[in-house]
Each structure stands twice: as C-alpha cells, then as structure tokens.
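One-based numbering, in listed order, for ligands and for the atoms of each. As a basis for the values below, the full set of heavy atoms in this structure was taken, side chains included, without hydrogen atoms, waters or symmetry mates.
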Amino acid sequence: MQLVFSIVNKMNNLDEKEMNLISTASNPRQNSCYEKDEKRSLIWPPPPARPKFNPRLNLGVMASGNGSNFEALVKAIQNSELDAYISILVVNNPNCEARRRAKRLGVPCVVHDHREFSSREELDEALVKTFTNHAVEGVVMAGWMRIVTPILIAAFPNRLLNIHPSLLPSFRGLDAVGQALKARVPISGCSVHLVTPQVDDGPVLAQAAVPVLSSDDHQSLSKRIQRMEHQLLPLSVAIAGQNWRNAGQN
Ligand code: GRF
C-alpha cells in the first residue's frame, strides 16, 4: 500500500516532461483498450539519456524459457538504446525458446543443464566460470527460473540483476501475476533489482507500474507487464552500468 502511495505521490509531483511518461486516463478501469496501456503506465526512474559507456558494457545473460526479455536487451542494443554487448547467453533448458532466439540473433549461447549438476552450488560454479571466461562486467537474470546461491552472487557483487513481474516487495516468488490477481490489487508491474541471497529481494533499481483492469485474466495482465519489462530491463541495465562505472572511479 505504501508503494502505491509513493507512486501516486510521485505522479503528483511530476513536471510536464515527466508527465509524458504516465497516463492521462483518469480512471483506467473505464477504458480497457490495450493500445493505451503504455500511456497508463509509469516507469520510475525516468530513463537516463542513453548513457555512453567506454568501453561498452560487456554483459552475460541467463534465461530459462521464452527469452523475450533477452531479446528486448538485444533489440535495445541494436537500436543504440543500450551501449552494451552480450558476450554470452546461458540457458539451463536445452530446448528453450531463448536458445533459439540467441541463434537467430547471433548471440553466443551455452547450455548449463541444471539436471547435469549434483547441486545448485555446482551449477553456479559453472556459471561463474563461463561468465569469468567471457570477462563480463555484469550478469542479467532475464527469466532464470532457478534459485541462485551465494557462489554466483559473491562473484558479481552489485553486478547481478534480476527482473520480476511484480512491484517488489509485493508478490515475491512463483506466479507473481497470479498472486496480484488473487490479491485484487489495482496496480501491479515489474521490478529490476540487485540479487541478494533472499529470493526476489535486494535493492530495486527501477520499477514499472501498470493498471490491473477488472477485465484482466492471467494472460492479459502478464502481457501488459511483459511489455513494460521489455522497456524496463534495458533501462535498468543502463542505470546499473552507470553505477558500476562510477564505483570503478572511486
Ligand atoms: C518474466 O516475466 C520475468 O519477470 C520473470 O520471468 C519471465 C521471463 O519471461 N522472471 P521471458 O522468458 O523473458 O519471456
């Protein structure tokens, strides 16, 4: 509830430029047109003006399933919205769509099938080795459906990001969209945060809020949140990248 108030307060204090980021609809529930969703959404903080990184950010990405967030990162890089490159995608399911996307997009991909490791720690050791071999500066968990251990987290302190389909700290864990629908909240969204040992915890870098319409089912709300995820993730990587580079200067 506090989070909702803080979003509303922020909306009330926005200047004209910032107002362009948010809705003009006074009552989202009265208008269920999909095309208007993005206008009714709020991303916070506002995107930095395409920060340049010299050299470009070298990223590792982890995905388990569909890989639409991975592709959103690739597209943002191709459109010069994110000054980075992805040197390796790691997937844990050999048949996942993310792997096929990597092939189509020309991004190197390696499979670390969790079923072939005797523990979470062993899998994470393999991940650390892969990312270290590629000298990545940061790692993005873009739909990684495994719990990670302190082995991976400690190897990339403040450099391991996760995207989650809720306004954290609400609805951590599995099926965040279902949890939001069950709780009948009027606003949901997505968060990108730094990974800490607690699942879906850790400092939030950026969030996007979307309305939950009375007509929503799991599919429609997931779609609306995912559209915002695809904007939020590249923006959050840019914010994290600025932090990494600033930390390097101290
Ligand atoms: C996203 O909704 C993300 O928030 C969650 O897993 C989903 C991955 O979707 N962690 P995709 O594989 O990127 O399409």
Side-chain angles (χ1 to χ4, degrees), residues 37-38 41 43-44 59-78 82 84 86 88-105 107 109-114 120 127 138-148 152-153 160-182 185 187-196 198-210 212 216-237 239-240:
D37 277 356
E38 285 189 22
S41 304
I43 289 186
W44 202 267
L59 303 173
V61 179
M62 298 157 62
S64 296
N66 185 26
S68 69
N69 279 288
F70 157 68
E71 180 153 354
L73 282 175
V74 176
K75 291 279 157 64
I77 291 169
Q78 288 172 347
L82 178 62
I86 298 171
I88 190 74
L89 169 73
V90 179
V91 299
N92 62 312
N93 290 312
N95 286 321
C96 68
E97 186 61 27
R99 190 180 183 192
R100 283 187 280 279
R101 288 183 198 252
K103 195 167 179 209
R104 172 164 54 78
L105 296 163
V107 176
C109 177
V110 64
V111 181
H112 288 322
D113 187 337
H114 60 277
R120 291 187 194 281
L127 287 163
V139 177
V140 183
M141 293 166 53
W144 181 256
M145 304 309 285
R146 310 283 310 164
I147 292 173
V148 296
L152 181 65
I153 298 166
L160 183 62
L161 274 54
N162 182 46
I163 183 157
H164 184 73
S166 78
L167 289 176
L168 292 172
S170 292
F171 312 132
R172 294 181 171 122
L174 290 176
D175 193 18
V177 173
Q179 291 184 56
L181 284 169
K182 198 165 166 209
V185 289
I187 297 175
S188 189
C190 46
S191 310
V192 176
H193 64 97
L194 297 174
V195 177
T196 53
Q198 287 269 39
V199 175
D200 300 325
D201 204 13
V204 169
L205 289 170
Q207 291 184 313
V210 304
V212 181
D216 270 333
D217 57 16
H218 201 284
Q219 195 186 11
S220 62
L221 181 56
S222 298
K223 249 188 175 173
R224 186 175 308 117
I225 291 174
Q226 274 236 316
R227 276 216 292 266
M228 296 313 289
E229 285 189 333
H230 299 161
Q231 293 183 45
L232 189 73
L233 191 54
L235 150 71
S236 304
V237 173
I239 291 170

Between Arg99 and Asn93, does a side-chain hydrogen bond (donor to acceptor under 3.5 Å, both in side chains) hold up when you go through it step by step? CA-CA 8 Å; Arg99 190 180 183 192; Asn93 290 312; over 6 Å; no

For atom 14 (O) of ligand 1, what's the nearest protein heavy-atom neighbour? Residue, atom name and distance, please. Ser68 OG, 2.5 Å

Heavy atoms of other groups near Gln78 CD, more than 12 under 6.0 Å: yes

How close does the nearest protein non-hydrogen atom get to atom 7 (C) of ligand 1, and which residue and atom is it? Gln226 NE2, 4.0 Å

Arg100 and Lys103: CA distance, side-chain angles, deciding distance, side chain to side chain contact (heavy atoms under 4.5 Å, CB included) verdict: CA-CA 5 Å; Arg100 283 187 280 279; Lys103 195 167 179 209; 5.6 Å; no

Between Glu97 and ligand 1, find which residue part has any heavy-atom pair under 4.0 Å and reply side chain, backbone, both or neither. neither

Are Cys190 and ligand 1 in contact, using a heavy-atom cut-off of under 4.0 Å? no

Distance to 0.1 Å, residue and atom name: give those for the protein heavy atom nearest to atom 10 (N) of ligand 1. Ile163 O, 2.9 Å

Please work out whether any backbone atom (N, CA, C, O) or any side-chain heavy atom from C-beta onward of Met141 is under 4.0 Å from ligand 1, and answer side chain, backbone, both or neither. neither

Value for CG (Leu82) from NZ (Lys75), rounded to nearest 0.5 Å, stands at 14.5 Å

Can you sort out the partners of Ser236 under side-chain hydrogen bond (donor to acceptor under 3.5 Å, both in side chains), two or more places apart, ordered by chain and number? none

Close-contact set for ligand 1 against Asn66 heavy atoms, below 4.0 Å: 12 (O), 14 (O)

Answer yes or no: does an N/O atom from Asn162 fall short of 3.5 Å to an N/O atom of ligand 1? no

Atom indices of ligand 1 within 4.0 angstrom of His164 heavy atoms, with elements: 4 (O)

Using a 4.5 Å cut-off on heavy atoms from C-beta on, say whether the side chain of Gln226 contacts that of Ser68. yes

Please state which option from Gly143, Ala63, Gly65, Gly67 has its nearest heavy atom closest to atom 12 (O) of ligand 1. Gly67

Which atom names give the shortest non-hydrogen contact between Leu89 and Ala98, and what distance separates them? CD2-O, 3.7 Å

Using the side chain to side chain contact (heavy atoms under 4.5 Å, CB included) criterion, which residues pair with Val199? Sequence neighbours excluded. Ile147

Among all protein heavy atoms in this structure, tell me which lies nearest to atom 1 (C) of ligand 1, with the distance rounded to 0.1 Å. Glu229 OE1, 3.2 Å

